[in-house]
Colleague: 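Before I ask anything, let me first share the structure, which is written out below as structure tokens.
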Amino acid sequence: DESASTTRDLIRLWIRKRRQQDFPGPDRKSPGAIFGDAYFLARNLAVIKGLLVGLVAGFSFFTYTGTTPVNVFHFLLLFVISQMALVGFLLTAWLLHPLLPSLRLPSFYSLLFRGLISNIIAFFQKKWLRTVAADQRASVNQAFGIFKARSTVYGSLFYWPLFALSQLFAIGFNLGLLAATLVKILTSDLAFGWQSTMQFSAEAIHRAVMLVALPWSWFIPQASSYPSLAEIEGSRIILKEGIYHLTTGDLIAWWPFLVFCLLFYGLFVRTTLFVVGKIMEHTSLNNLQL
């Protein structure tokens, strides 16, 4: 342990000395400074883009003419189940990797990050080459070549920051979607119902709703957290009968449940993954073997 600590201290001192020699002023930024600036900009862009996409998606979905209630199944499928499916696929890949290290699952994140990492490395390489002397460019190119060749060792250094960026985008998306949902609920006469070609009973839907609402139903009254059996039965849409026989109380009983689904299965899950990504980023830096 002492040897490892001493080695790290020596490397830190050597890097600090090289930084002072090669990048003495603000006009000659080091690769770390360039990456820090780019990452700060990327974080802000990820949140802003996520917010815009969420707002557009929410306002587009809640385009309501007053003749057909919003189908809660469509909302859950598009905005909740799809997100949980991606998270489930990601967790499955994480769990299978230690058990089957030779198995390479076609992960959405790995496919996305592999291309992003290559582009970012190429960008930083060109950016850095402009700031170094001609006699140092060969060593810079060699350093990047070593980095690419040993991507299995250094890949996590870029994977986790980019993973955190994707979670920031998803956090922004859920915030935008929540804002659009609440604005439409407050400013429009929205009606919510459910229908399906499959002949689901109201009792089966009620049991599924109670199961989904478990994360928040223990501290929020039932009337404010999910619709009752009578309200579920009363909000069932039968195509040939229209909505004129349905009561307003039943048609508005779904919106608290949908908002809580976005909060817990969207925003909370993505925030948790963002925190995990930052912890793993810190851990990968601490455990790096140079």
Side-chain angles (χ1 to χ4, degrees), residues 32 34-61 75-98 104-121 123-124 151-182 212 214-216 258-288:
I34 295 172
F35 180 83
D37 293 345
Y39 192 63
F40 176 78
L41 178 62
R43 282 184 301 182
N44 293 332
L45 289 176
V47 176
I48 293 172
K49 286 184 177 180
L51 279 169
L52 292 176
V53 173
L55 286 170
V56 171
F59 284 123
S60 299
F61 180 84
F75 182 91
L76 293 173
L77 179 63
L78 288 174
F79 301 128
V80 179
I81 296 176
S82 59
Q83 291 195 70
M84 294 307 298
L86 284 174
V87 172
F89 187 78
L90 176 65
L91 294 177
T92 301
W94 283 353
L95 292 174
L96 286 179
H97 182 68
R104 292 291 181 267
L105 293 176
S107 169
F108 166 78
Y109 290 98
S110 65
L111 293 175
L112 174 65
F113 293 152
R114 191 177 296 116
L116 284 176
I117 289 173
S118 299
N119 292 334
I120 288 174
I121 290 175
F123 170 78
F124 285 133
S151 59
T152 56
V153 178
Y154 301 124
S156 62
L157 297 182
F158 284 93
Y159 174 85
W160 291 113
L162 290 172
F163 175 83
L165 282 180
S166 69
Q167 303 314 314
L168 282 176
F169 175 85
I171 289 171
F173 173 82
N174 282 284
L175 287 174
L177 184 58
L178 272 169
T181 302
L182 293 174
V212 172
L214 282 178
W216 64 85
L258 299 180
V259 169
F260 280 119
C261 281
L262 288 179
L263 280 172
F264 281 84
Y265 294 107
L267 187 60
F268 177 77
V269 170
R270 293 298 184 169
T271 303
T272 302
L273 288 176
F274 173 75
V275 173
V276 170
K278 298 304 290 183
I279 292 174
M280 293 303 298
E281 176 186 340
H282 182 72
T283 302
S284 63
L285 281 171
N286 287 338
N287 295 335
L288 178 64

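Source: prediction; values computed, not measured. Starting from 1, each residue takes its place in the sequence as its number.
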Colleague: Can you tell me how far the CG atom of L168 sits from the CG atom of L162, to the nearest 0.5 Å?
Modeller: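 It comes to 11.5 Å.
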
Colleague: So, does S166 use its side chain to make a donor-acceptor pair with the main chain of F163 at under 3.5 Å?
Modeller: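 Confirmed, S166 side chain pairs with F163 backbone.
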
Colleague: Specify the closest pair of heavy atoms between A180 and G58, including all atoms of both residues, with the distance to one decimal.
Modeller: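 Heavy atoms of A180 and G58 come nearest at CB-CA, 3.8 Å.
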
Colleague: Hey, does V53 have a side-chain heavy atom less than 4.5 Å from the side chain of F169?
Modeller: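 Of all side-chain heavy-atom pairs linking V53 with F169, at least one is under 4.5 Å.
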
Colleague: List the atom of F173, the atom of A57, and the distance in Å for their closest heavy-atom pair.
Modeller: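 F173 and A57 have their closest heavy atoms at CE1-CB, 4.1 Å.
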
Colleague: First locate atom CG of N287, then atom NE2 of H282, and finally report the distance between them rounded to the nearest 0.5 Å.
Modeller: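 Here the rounded value is 9.5 Å.
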
Colleague: Can you name the nearest heavy-atom pair linking Y39 to P161, along with the distance?
Modeller: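 Taking every non-hydrogen atom into account, OH-O, 3.0 Å.
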
Colleague: Where is the tightest heavy-atom contact between G266 and N174, given as atom of each residue plus distance?
Modeller: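 Minimum heavy-atom contact is CA-OD1, 3.4 Å.
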
Colleague: Should V47 and I171 count as side-chain neighbours, where that means a heavy-atom distance under 4.5 Å?
Modeller: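 V47 vs I171: side chains apart.
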
Colleague: More than 12 heavy atoms of other residues, nucleotides or ligands under 6.0 Å from CZ of F268: is that the case?
Modeller: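 Atom CZ in F268 is not packed in, count stays at 12 or less.
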
Colleague: About how many Å separate CG of L86 and CD1 of I81, when rounded to the nearest 0.5 Å?
Modeller: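 Output value for this atom pair is 12.5 Å.
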
Colleague: Work out which heavy atom in L51 is nearest to a heavy atom in G176; give both atom names and the distance.
Modeller: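 Reported closest heavy-atom pair: CD2-N, 3.6 Å.
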
Colleague: Could you pull out all residues at least two apart from F79 that satisfy ring-ring contact (aromatic ring centres under 6.0 Å, His included)?
Modeller: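 Checked F79 against ring-ring contact (aromatic ring centres under 6.0 Å, His included); matches are F61, F75.
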
Colleague: Just by distance, do the side chain of Y265 and the backbone of Q83 share a donor-acceptor pair under 3.5 Å?
Modeller: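 Not confirmed, Y265 side chain does not pair with Q83 backbone.
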
Colleague: I need the S60 OG to L55 CG distance, nearest 0.5 Å.
Modeller: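 Going from the OG atom of S60 to the CG atom of L55 covers 10.0 Å.
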
Colleague: Are L262 and T181 close enough that some pair of their side-chain heavy atoms sits under 4.5 Å apart?
Modeller: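 Of all side-chain heavy-atom pairs linking T181 with L262, at least one is under 4.5 Å.
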
Colleague: Test side-chain contact (heavy atoms from CB on, under 4.5 Å) on I279 and W160; report intermediate values, then the result.
Modeller: CA-CA 9 Å; I279 292 174; W160 291 113; over 6 Å; no

Colleague: From L175 CG over to R270 CZ, what is the distance, rounded to the nearest 0.5 angstrom?
Modeller: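 Reported to 0.5 Å precision, the distance equals 12.5 Å.
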
Colleague: If a pair satisfies side-chain hydrogen bond (donor to acceptor under 3.5 Å, both in side chains) and one of its residues is in residues 42-54, list it, with sequence neighbours excluded.
Modeller: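 Found none.
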
Colleague: For residues Q167 and V275, determine if any side-chain heavy atom of one lies less than 4.5 Å from a side-chain heavy atom of the other.
Modeller: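 Answer no - side chains too far apart.
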
